[in-house]
Amino acid sequence: MSEISAASLEARKRIRTDQPHTARIWNYWLGGKDNYPVDQAAGDQIRALHPGIGDYALADRQFLGRAVRHLAGPCGIRQFLDIGTGLPTADNTHEVAQRVAPDSRVVYVDNDPIVLAHAEALLTSTPEGVTAYLDDDLRNIDAVLEQAAQTLDFRKPVALVLLGVVIFIEDDEEAYGVVHTLMDRLPSGSHLVLSHTITRPDMPDVDAAVAFWNEHGTPKLTQRTPGAVSRFFEGLDLLEPGVVSCNRWRPEDTSGELPAEVAMFGGVGRKG
């Protein structure tokens with residue numbers, strides 16, 4: 001039995017199936033099967049408060065695909081550090097990157113036993129590339145980078161992927177500090193791909209949905225304004241169109257009007 005398989009079995013013992021969990025609810029909204037009735041019930045209640053919630057779960061996933069394709073394609077990035085991986089679904093980071101560039105090397109990081117239990121689904125790769133998984137926390141920067149260095153060459157550009165993960169760091173300065181420190185440790189030419197749930201006066205149903213979640217679910221979420229999300233990219237060169245609703249970041253269908261905004265904003269920045 002592999003080390004990951006043994007760890008996965010141990011992780012399954014720590015999974016709470018009597019309490020809704022954000023990773024499983026997200027999986028439910030995306031049409032996945034790795035969720036339980038308690039997650040489906042909570043997901044339906046949140047969707048009743050905010051009917052568009054499924055749209056921004058999908059928008060976030062599609063944003064990941066477009067960003068990774070752009071980085072692995074025109075930008076020539078061949079290394080990806082995806083922290084806060086979440087449950088595997090269709091078109092995970094390594095699948096998208098290696099479809100464009102088969103020699104792409106991808107390291108996933110998550111500290112959630114739910115994700116660890118499903119880690120084998122992430123540990124696939126093209127013969128030319130490499131995919132690895134680390135059971136660790138975003139805040140443990142030294143440990144994460146030290147372990148990731150077994151797979152990635154930090155003398156070369158890396159794409160740091162942080163989708164919907166800094167929302168779990170409540171303190172603003174800690175959240176910005178973690179992201180900026182990680183980018184400081186990466187070489188020139190590296191990129192940051194980040195998305196974050198927002199709060200805005202014209203989206204009160206989002207606030208209601210998050211309040212419900214924070215009362216009943218785990219882990220707790222922290223919303224930030226679009227301007228506050230932009231602060232994560234300080235010191236980087238923002239790629240067009242900047243920090244925007246995820247479904248408006250370089251949409252593939254440009255024939256008509258931009259889609260309606262969702263409450264998940266994201267952007268891509270390059271370190272000079």
Side-chain angles (χ1 to χ4, degrees), residues 26 29-31 50 52-86 89-101 104 106 157-167 175-176 179-180 182-183 186 189-200 202-203 206 221-272:
W26 204 255
W29 287 330
L30 288 172
H50 179 36
I53 192 73
D55 294 335
Y56 77 75
L58 181 60
D60 187 55
R61 196 70 190 176
Q62 293 176 340
F63 164 64
L64 170 68
R66 295 194 302 276
V68 170
R69 280 194 296 273
H70 178 73
L71 293 177
C75 295
I77 299 295
R78 295 293 179 268
Q79 304 189 109
F80 296 82
L81 179 58
D82 186 337
I83 305 180
T85 305
T89 59
D91 282 343
N92 299 293
T93 299
H94 72 283
E95 295 170 320
V96 177
Q98 292 178 349
R99 199 175 298 142
V100 177
S104 295
V106 180
V158 175
L160 174 63
V161 181
L162 300 174
L163 291 196
V165 62
V166 291
I167 61 176
Y176 295 126
V179 175
H180 294 158
L182 279 165
M183 289 306 299
L186 300 180
S190 293
H191 288 69
L192 170 65
V193 183
L194 182 144
S195 69
H196 199 296
T197 306
I198 66 156
T199 179
R200 208 169 64 180
D202 62 335
M203 295 181 174
V206 179
L221 310 179
T222 298
Q223 295 167 274
R224 293 182 171 93
T225 65
V229 176
S230 295
R231 277 189 60 192
F232 287 107
F233 295 91
E234 286 180 351
L236 305 178
D237 298 322
L238 263 177
L239 276 60
E240 293 292 337
V243 177
V244 296
S245 174
C246 282
N247 57 353
R248 292 187 172 188
W249 196 89
R250 305 194 178 196
E252 292 170 348
D253 182 6
T254 58
S255 59
E257 296 182 0
L258 287 172
E261 288 184 309
V262 297
M264 181 67 77
F265 273 43
V268 180
R270 181 183 186 277
K271 181 176 179 178

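By convention here, the first residue in the shown sequence is residue 1.
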Practice problem: Check Val193 against Ala67 and note the closest heavy-atom contact, atom names and distance. | Solution: CG1-CB, 3.9 Å
Quiz item: Are Val68 and Leu64 close enough that some pair of their side-chain heavy atoms sits under 4.5 Å apart?
Solution: yes
Quiz item: Taking the side chain as C-beta and beyond, is there a heavy-atom pair between Arg200 and Phe265 under 4.5 Å?
Solution: yes
Quiz prompt | Gap between atom SG of Cys246 and atom CG of Asp55 - 0.5 Å precision | solution = 12.5 Å
Quiz item: Partners of Ser245 by side-chain hydrogen bond (donor to acceptor under 3.5 Å, both in side chains), sequence neighbours excluded?
Solution: Asn247
Quiz item: Pairs in or reaching into residues 237-264: which pass ring-ring contact (aromatic ring centres under 6.0 Å, His included), with residues at least two apart or in two chains?
Solution: Phe63-Trp249
Quiz item: Under the side chain to side chain contact (heavy atoms under 4.5 Å, CB included) criterion, do Leu58 and Trp29 qualify, and how do the steps go?
Solution: CA-CA 8 Å; Leu58 181 60; Trp29 287 330; over 6 Å; no
Exercise. State, yes or no, whether a side-chain contact exists between His70 and Val268 at a heavy-atom distance under 4.5 Å.
Key: no
Exercise. Could you tell me which residues satisfy side-chain hydrogen bond (donor to acceptor under 3.5 Å, both in side chains) with His180, sequence neighbours excluded, listed by chain and number?
Key: none
Ignoring hydrogens and angles, write down the donor-acceptor pairs under 3.5 Å from the side chains of residues 158-167, residues two or more places apart or on other chains.
none

Exercise. Provide the full list of salt bridge (Lys or Arg N to Asp or Glu O under 4.0 Å) pairs with a residue in residues 223-247, sequence neighbours left out, each pair given once.
Key: Asp172-Arg224, Glu173-Arg231, Arg231-Glu234
Self-check item: Inter-residue atom distance Leu236.CG - Ser190.OG, 0.5 Å rounding
Solution: 10.0 Å
Quiz item: Does the side chain of Val206 reach to within under 4.5 Å of the side chain of Gln223, using non-hydrogen atoms?
Solution: yes
Quiz item: Distance-only, no hydrogens or angles: does the Gln98 side chain make a donor-acceptor pair with backbone N or O of Ser104 under 3.5 Å?
Solution: yes
Quiz prompt | Non-neighbouring partners of Gln79 that pass side-chain hydrogen bond (donor to acceptor under 3.5 Å, both in side chains), sequence neighbours left out | solution = none
Practice problem: Evaluate the side-chain proximity of Thr197 to Leu221: yes if any heavy-atom separation is below 4.5 Å, no if none is. | Solution: no
Exercise. State, to 0.1 Å, how close Phe233 and Gly269 come at their nearest heavy-atom pair, and which atoms those are.
Key: CE2-N, 3.7 Å
Quiz item: Under the side-chain hydrogen bond (donor to acceptor under 3.5 Å, both in side chains) test, which residues partner Arg270, sequence neighbours left out?
Solution: none
Self-check item: Flag side-chain contact, heavy atom, 4.5 Å: Pro157 against His191
Solution: no
Quiz prompt | Flag side-chain contact, heavy atom, 4.5 Å: Glu261 against Arg248 | solution = yes
Quiz item: Side-chain contact, heavy-atom cut-off 4.5 Å: Leu238 with Val243?
Solution: yes
Exercise. Could you pull out all residues at least two apart from Glu95 that satisfy side chain to side chain contact (heavy atoms under 4.5 Å, CB included)?
Key: Asn92, Arg99
Exercise. For Val262 and Ala59, work out which heavy atoms get closest and say how close.
Key: CG2-CB, 3.9 Å
Practice problem: Check ring-ring contact (aromatic ring centres under 6.0 Å, His included) between His94 and all other residues, then give those that pass, not counting sequence neighbours. | Solution: Tyr108
Quiz item: Between Arg78 (side chain) and Ala72 (backbone), is there a donor-acceptor pair under 3.5 Å?
Solution: yes
Practice problem: Sort and list the pairs that fulfil salt bridge (Lys or Arg N to Asp or Glu O under 4.0 Å) and have at least one residue in residues 58-76, not counting sequence neighbours. | Solution: Arg69-Glu252
Quiz item: Looking at residues at least two apart in the chain, or sitting in another chain, which of them share a side chain to side chain contact (heavy atoms under 4.5 Å, CB included) with Pro251?
Solution: Leu258
